[in-house]
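Notes follow once the structure below has been shown.
Sequence lines set the chain letters: A, B, ... in the order given, protein chains first and strands last, and positions in each chain run from 1.
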Number of protein chains: 2
Amino acid sequence: MARASTTSDAFNAIAEPRRREILSFLAFDERPVGDIVAALGLEQPSVSKHLRVLRDVGLVTVRRDGRNMLYRTEAAAIRPLHEWTRTFERIWSHQLLRIKERAEKDSRP
Amino acid sequence: MARASTTSDAFNAIAEPRRREILSFLAFDERPVGDIVAALGLEQPSVSKHLRVLRDVGLVTVRRDGRNMLYRTEAAAIRPLHEWTRTFERIWSHQLLRIKERAEKDSRP
DNA sequence: ATAATACATACCCATATGGGCATATGTCAA
DNA sequence: TTGACATATGCCCATATGGGTATGTATTAT
C-alpha cells in the first residue's frame, strides 16, 4: 500500500526532479515533446509519461499543432503549492529572528 | 528503478499528505510523538517513520525530554520550496492578466 | 493509399516505500 | 533491579511508479 494517498496531486507531481525540470522548461513558452526530450536527455516515452502526470494534475496544458503537441506550464496551478509553503513564512521569519536575537545576546558578554 | 532520483529531498518529503499534516501540526509548538499519533490517527510506528523522513531532510528537529521526543517543524527548511514555487509567480500573474484582458475584450462587442 | 514523423500507451522489470506487527532501545518509577 | 512507558527499527507484504522497448495512433508529405 505504498504511498497510500497517491491521489496524484500537484505535491506528488513536483516531487519528481524531472517533472520540475519540465515545468521550468515549459514555463515561458509552449514546446513540442521533442524539444523536451532533447532538453532532458530522456527517452520520449518517459517524457510523455511525465507530461501525462503533469497534465492530470493540471500543471501543464496541451494543444495540437499539426503533428506536434505543444505543452505549456499552467503556472496558476502552482499557486496552491506556493500558498501552502507560504503558511510557514511567518513562522520561519520568527524563528530566524529568534536565532538572530540569541546570537546578539551571546556576543554581548 | 521507481522514482529514480529518490534522493529524498524536501520536495519528496512533502509529497506525502500525512507528512504535510505533521508539518502543520508541529509548526507552532514542539510536540511528543504520542500527540502526533493521536492527531493523525495512524499507528505509532508509521508516525515515527514519517518523522524519520522529515528529519533526514531537515524539515523537523527533535530534542529529548525524558521519555518523550519533542519534534518541531523547522520552518526555514520549507523556504527553498517556497522559493521554487515563487519563480512561477510572475508567470501566473501574467497569465491571469491575459485571461482577464481576453474576458474584457470578449464582453465588448 | 503509403510512408514518414511525432506522440501516446501497453507491458515488463526493478525499486522505493507506506502500513501493520513484533521487537529493540532508552528513560523514568517503584 | 524490575516494570511501565515512549519511541525507534526490523521485517513482510502490497502497491505505486520510473525507465526501457515495442507498438498503436494521428497527421502531414509524396
Side-chain angles (χ1 to χ4, degrees), chain A residues 1-23 25-26 29-73, chain B residues 1-23 25-26 29-73:
Chain A
M1 203 194 300
R3 177 137 296 176
S5 333
T6 303
T7 17
S8 279
D9 58 5
F11 285 96
N12 184 63
I14 67 164
E16 265 295 320
R18 310 302 202 141
R19 289 199 282 262
R20 291 200 296 281
E21 288 184 54
I22 292 177
L23 288 175
F25 187 69
L26 301 175
D29 293 298
E30 54 184 6
R31 303 279 187 112
V33 178
D35 282 16
I36 307 172
V37 171
L40 299 206
L42 264 182
E43 294 298 318
Q44 174 264 311
S46 292
V47 171
S48 282
K49 271 184 283 189
H50 282 309
L51 288 169
R52 179 69 176 162
V53 173
L54 292 171
R55 247 187 90 178
D56 287 346
V57 299
L59 281 169
V60 300
T61 52
V62 215
R63 85 182 170 86
R64 179 177 279 287
D65 174 40
R67 279 178 290 199
N68 297 313
M69 293 297 270
L70 301 181
Y71 283 83
R72 166 200 288 276
T73 295
Chain B
M1 204 194 298
R3 178 139 295 177
S5 333
T6 304
T7 18
S8 278
D9 58 5
F11 285 96
N12 185 62
I14 68 164
E16 265 294 320
R18 310 301 201 141
R19 288 199 283 262
R20 290 201 296 281
E21 287 183 54
I22 292 176
L23 289 175
F25 187 69
L26 301 175
D29 293 298
E30 53 184 7
R31 304 279 187 112
V33 178
D35 282 16
I36 307 173
V37 171
L40 298 206
L42 263 182
E43 295 298 317
Q44 174 265 313
S46 292
V47 171
S48 282
K49 272 183 280 191
H50 281 309
L51 287 169
R52 180 67 177 165
V53 173
L54 292 171
R55 248 188 89 178
D56 287 346
V57 299
L59 280 169
V60 300
T61 53
V62 215
R63 85 183 170 84
R64 178 177 281 287
D65 174 40
R67 280 177 289 197
N68 297 313
M69 293 296 268
L70 301 180
Y71 283 84
R72 168 199 288 273
T73 295

For nucleotides 26-30 of chain D, tabulate all protein N/O to nucleotide N/O atom pairs closer than 3.5 Å, reporting atom names and distance.
none

Could you tell me whether the phosphate oxygens of C:dT5, OP1 or OP2, come under 4.0 Å of any side-chain nitrogen or oxygen in A:Asn68? no
Are OP1 or OP2 of D:dA6 and a side-chain N or O of B:Tyr71 less than 4.0 angstrom apart? no
Pairing residues for B:Arg67 by the side chain to side chain contact (heavy atoms under 4.5 Å, CB included) criterion, not counting sequence neighbours: none
Considering all heavy atoms of both residues, which atom of A:Ala13 and which atom of A:Val57 are nearest to each other, and what is their separation? CB-CG2, 3.9 Å
Which atom names give the shortest non-hydrogen contact between A:Ile36 and A:Val47, and what distance separates them? CG2-CG1, 3.7 Å
What are the residues of residues 31-47 of chain B, sorted by number, that bring a heavy atom to within less than 4.0 Å of DNA chain D? B:Pro32, B:Val33, B:Gly34, B:Gln44, B:Pro45
Listed partners of A:Arg63 passing salt bridge (Lys or Arg N to Asp or Glu O under 4.0 Å), at least two apart: A:Glu30
Round to the nearest Å and state the distance from A:Asn12 atom CG to C:dG18 atom C1'. 13 Å
Would you mind reading off the distance between B:Arg18 atom CZ and C:dT17 atom P, rounded to a whole angstrom? 18 Å
Partners passing side chain to side chain contact (heavy atoms under 4.5 Å, CB included) against A:Arg52 (at least two apart in sequence or in another chain): A:Arg55, A:Asp56
Is there any side chain to side chain donor-acceptor pair (under 3.5 Å) pair reaching into residues 37-50 of chain A, and which pairs are they, with sequence neighbours excluded? A:Arg19-A:His50, A:Gln44-A:Ser48
Suppose we screen for side chain to side chain contact (heavy atoms under 4.5 Å, CB included). Which residues come up paired with B:Arg20, at least two apart in sequence or across chains? A:Asp9, A:Phe11, A:Trp84, B:Ile14, B:Pro17
dist B:Leu59:CG -> B:Leu51:CG (nearest 0.5 Å) comes out at 11.5 Å
Rounded to the nearest 0.5 Å, what's the gap from CZ on A:Arg31 to CG on A:Asp29? Could you check? 5.5 Å
Can you sort out which residues in residues 48-60 of chain B have a heavy atom within less than 4.0 Å of DNA chain C? Ascending by number, please. B:Lys49, B:His50
Please state how far atom CZ in B:Arg63 lies from atom C1' in C:dG26, giving the value in whole angstrom units. 17 Å
Can you tell me how far apart CG (A:Leu42) and CD1 (A:Ile22) are? Round to the nearest 0.5 Å. 7.5 Å
When rounded to the nearest 0.5 angstrom, what is the spacing between CG in A:Leu26 and OG1 in A:Thr73? 4.5 Å
In whole angstrom, what separates A:Ile14's CD1 from D:dG18's P? 14 Å
